[in-house]
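Take a look at the structure below.
Counting convention: from 1, in listed order, for ligands and their atoms alike.
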Amino acid sequence: MRTQVVIIGSGPSGLLLGQLLSQQGIETVILDRVSKDYILSRVRAGVLEEGTVQLMEKVGAAKRLHQEGLPHNGFSLTFDGRDHRIDLVDLTSGKRVMVYGQTEVTHDLMDAREAAGLVTIYDAADVEPHEFEGSGPYVTYRKDGINHRIDCDFIAGCDGFHGVSRKSVADGAIKEFEKIYPFGWLGILADVPPVNHELIYANHPRGFALCSMRSHTRSRYYVQCSLEDRLEDWSDQRFWDEIRRRLPDSHAESMVIGPSFEKSIAPLRSFVSEPMRFGRLFLAGDAAHIVPPTGAKGLNLAASDVHYLSEALIEFYRDRSDAGIDFYSQKALSRVWKAVRFSWWMTTMMHRFTDTGDFGQRIQEAELDYLVQSRAASTALAENYVGLPY
Ligand code: APR
Ligand code: PHB
């Protein structure tokens with residue numbers, strides 16, 4: 001088989017890239033090692049920057065997002081018994097974010113791809129990119145016991161942090177930067193109305209908490225937990241007791257509780273690999289970088305990467321020019337590092353770190369106090385939260 005671009009990974013990066021390219025008449029085949037149902041069962045974050053919403057509109061996949069997504073004009077920061085609203089619209093001259101689950105984004109992009117009759121091969125085993133440093137790259141995989149080969153012009157590695165693309169690059173060609181945080185997030189989904197109409201990010205001596213949502217009747221809540229914690233340690237009752245302790249009384253008292261139907265623990269890390277291009281192989285999204293979920297930048301970075309990559313590839317096919325693809329890595333990394341910095345900063349400011357002790361706690365309190373008193377500091381938070389320009 002032959003195609004123009006083989007995309008490894010059918011997550012949001014791979015799917016959005018596929019739509020952006022196919023709109024310009026560029027052929028793609030997407031390969032994923034798991035099934036469509038499995039991909040759609042993964043629960044991820046849910047705050048979209050306007051740039052991400054615009055990309056969904058551009059590929060004609062934003063109808064449900066506009067019907068069911070919840071536009072948010074601000075969020076709350078709580079600390080030291082205080083509840084301070086960050087007014088995103090006011091601080092950024094009119095920008096806001098859209099609360100819409102990543103699983104739904106993936107669903108809508110899969111539907112758009114299917115409607116356009118484009119090829120996605122799920123359950124593809126042993127996917128491997130080859131010869132991408134030369135001019136004749138190809139990808140091999142096995143499906144139902146049969147070996148296949150797809151020849152192509154380019155390979156897009158959109159296969160997440162554990163994918164094969166980054167691992168296929170020669171050792172000396174890649175530099176990795178990593179920071180592991182000494183705690184995790186325990187998250188639940190429950191069919192109870194959200195405690196507040198906007199998100200609450202809570203700094204508390206017992207640890208961070210986040211009150212988010214998926215709809216007016218479905219809440220997504222998190223508490224900072226120890227990396228040693230097991231899910232069995234966390235009954236629903238323990239979770240509800242703990243999150244209420246970490247919120248100001250007014251929210252704790254009004255929080256509606258109920259049985260959770262999803263519960264998971266996620267570690268937090270910041271990771272960047274440089275560069276994001278190796279000859280005719282490009283990395284995008286989680287394949288190239290991971291951010292801690294504080295600030296919800298993961299999906300939005302995946303979207304900006306594939307925006308840059310699609311423009312570069314479109315320029316290649318349209319103008320026979322390498323200029324865009326030569327510049328892709330530098331352009332994407334410049335935005336990636338700013339989001340890495342922002343999510344690291346927000347994580348550092350909002351979580352309890354045992355190693356920094358009482359000193360660390362006072363520094364956090366001073367920082368939060370400054371942040372809410374200074375319009376300049378609030379603006380810096382808000383403009384990063386709504387998303388820096390592409
Ligand atoms: N071969 C084929 N497919 C693979 C392989 C492989 N060896 N390894 C991984 N994949 C697939 C996974 O099954 C998954 O469907 O690649 C896809 C990668 O999707 P994501 O992990 O969702 O990554 P990405 O599309 O870059 O989306 C980034 O996802 O993890 C969140 O917070 C992150 O919101 C961000 C977003
Ligand atoms: C979520 O809704 O899952 C969510 C929201 C905001 C974050 C992280 C996660 O910063």
Side-chain angles (χ1 to χ4, degrees), residues 6-18 30-49 52 70 72 75 97-106 109-110 120-129 139-143 155-168 185 187-189 194 198-202 208-215 218-222 262 264 266 268-269 271 276 283-306 309 339 342-343 346-347 350 385:
V6 173
I7 299 174
I8 307 179
S10 179
S13 310
L15 288 162
L16 184 57
L17 179 65
I30 297 186
L31 296 171
D32 202 292
R33 72 170 165 200
V34 298
S35 69
K36 180 178 172 183
D37 287 349
Y38 182 82
I39 295 171
L40 290 175
S41 70
R42 293 189 293 224
V43 178
R44 299 266 173 85
V47 178
L48 310 187
E49 296 171 356
T52 305
L70 307 171
H72 279 212
F75 63 86
V97 293
M98 180 75 94
V99 173
Y100 188 66
Q102 177 175 321
T103 313
E104 308 312 315
V105 170
T106 308
L109 288 168
M110 283 176 170
T120 304
I121 299 161
Y122 295 106
D123 296 310
D126 300 336
V127 175
E128 238 185 282
V139 178
T140 53
Y141 67 97
R142 204 157 39 77
K143 167 104 182 161
I155 303 169
C158 299
D159 46 353
F161 182 65
H162 298 289
V164 65
S165 301
R166 193 180 68 252
K167 291 185 192 128
S168 307
W185 276 22
I188 66 154
L189 273 171
E198 293 179 341
L199 271 58
I200 303 172
Y201 288 86
F208 171 75
L210 169 61
C211 302
S212 181
M213 65 193 74
R214 290 290 174 273
S215 69
R218 179 165 291 180
S219 297
R220 177 72 168 152
Y221 293 150
Y222 301 91
E262 199 273 345
S264 52
L268 273 71
R269 91 168 76 219
F271 170 85
M276 288 169 65
L283 302 182
D286 277 18
H289 42 73
I290 296 281
V291 289
T294 332
K297 289 292 164 222
L299 171 62
N300 294 298
L301 275 187
S304 57
D305 284 356
V306 300
L309 181 53
F342 174 67
S343 50
M346 213 168 152
T347 301
M350 297 305 292
Y385 194 86

Practice task
Just jot down the ligand 1 atoms closer than 4.0 angstrom to any heavy atom of I8, in number order.
Solution key: 1 (N), 2 (C)
Exercise for the section: With heavy atoms of V34 as the reference, note each atom of ligand 1 found under 4.0 Å away. Expected result: 13 (O)
Completion exercise
Residues P293 and L268: closest non-hydrogen pair is CD-CG, 3.7 Å
Problem - Geometric N/O contact Y201 with ligand 2, under 3.5 angstrom - result: yes
Practice task
Quick one: look at I39 and ligand 1, take heavy-atom pairs under 4.0 Å, and tell me if it's side chain, backbone, both or neither.
Solution key: side chain
Handout entry: A124 to ligand 1, any heavy atom closer than 4.0 Å
Key = no
Fill in the blank from the handout: Those residues at least two apart in sequence (or on a different chain) that pass salt bridge (Lys or Arg N to Asp or Glu O under 4.0 Å) with R166 are E176
Problem - Backbone of V164 reached by a side-chain donor or acceptor of D159 within 3.5 Å - result: yes
Fill in the blank from the handout: Note: S212, heavy atoms under 4.0 Å from ligand 2, region reported as side chain
Run the side-chain donor-acceptor check on residues 297-304: report pairs under 3.5 Å with partners two or more places apart or on a different chain.
residue : atom : partner : partner atom : Å
K297    : NZ   : E49     : OE2          : 2.7
K297    : NZ   : N384    : O            : 3.0
K297    : NZ   : Y385    : O            : 2.8
N300    : OD1  : E49     : N            : 2.9
N300    : OD1  : T52     : OG1          : 2.6
N300    : ND2  : V47     : O            : 2.9
N300    : ND2  : A296    : O            : 2.9
S304    : OG   : L301    : O            : 3.2
S304    : OG   : R335    : NH1          : 2.9

Completion exercise
among protein heavy atoms, the one nearest atom 19 (O) of ligand 1 is G11 CA, 3.5 Å
Handout entry: For G46, the ligand 2 atoms whose distance to one of its heavy atoms is below 4.0 Å
Key = 1 (C), 2 (O), 3 (O)
Practice task
Quick one: sort the W185 and Y222 rings into parallel, tilted or perpendicular, breaks at 30° and 60°.
Solution key: tilted
Fill in the blank from the handout: Looking at H289, E128, R44, the heavy atom closest to atom 22 (O) of ligand 1 belongs to R44
Fill in the blank from the handout: So the atoms of ligand 1 within less than 4.0 Å of a heavy atom of V127 turn out to be 1 (N), 2 (C)
Practice task
Below 4.0 angstrom from a heavy atom of C158, which ligand 1 atoms are there? Numbered from 1 as shown, please.
Solution key: 16 (O), 17 (C), 18 (C)
Problem - Full working for side chain to side chain contact (heavy atoms under 4.5 Å, CB included) between Q102 and R42 - result: CA-CA 9 Å; Q102 177 175 321; R42 293 189 293 224; over 6 Å; no
Problem - Short N or O distance, V47 and ligand 2, threshold 3.5 Å exclusive - result: no
Practice task
With atom 13 (O) of ligand 1 as the reference point, say which of L301, D32, L40 has the nearest heavy atom.
Solution key: D32
Problem - R33 contact mode with ligand 1 (heavy-atom cut-off under 4.0 Å) - result: both
Problem - D305 side-chain N/O to G285 backbone N/O, donor-acceptor pair under 3.5 Å - result: yes
Problem - ligand 1 atoms in contact with G285 (distance to a heavy atom under 4.0 Å) - result: 26 (O)
Practice task
Classify the contact between L210 and ligand 2 as side chain, backbone, both or neither, using a heavy-atom distance cut-off of under 4.0 Å.
Solution key: side chain
Handout entry: For ligand 1, the portion of P293 having any non-hydrogen atom under 4.0 Å away
Key = neither
Practice task
May I ask you to identify the nearest protein heavy atom to atom 28 (C) of ligand 1, giving residue, atom name and distance to one decimal place in Å?
Solution key: D286 OD1, 3.4 Å
Handout entry: Test item, M346 contacting ligand 2 (heavy atom, 4.0 angstrom)
Key = no
Handout entry: Any P12 heavy atom less than 4.0 Å to ligand 1
Key = yes
Problem - N or O pair under 3.5 Å between L299 and ligand 1 - result: yes
Problem - Numbered atoms and elements of ligand 1 in range of V164, under 4.0 angstrom, heavy atoms - result: 7 (N)
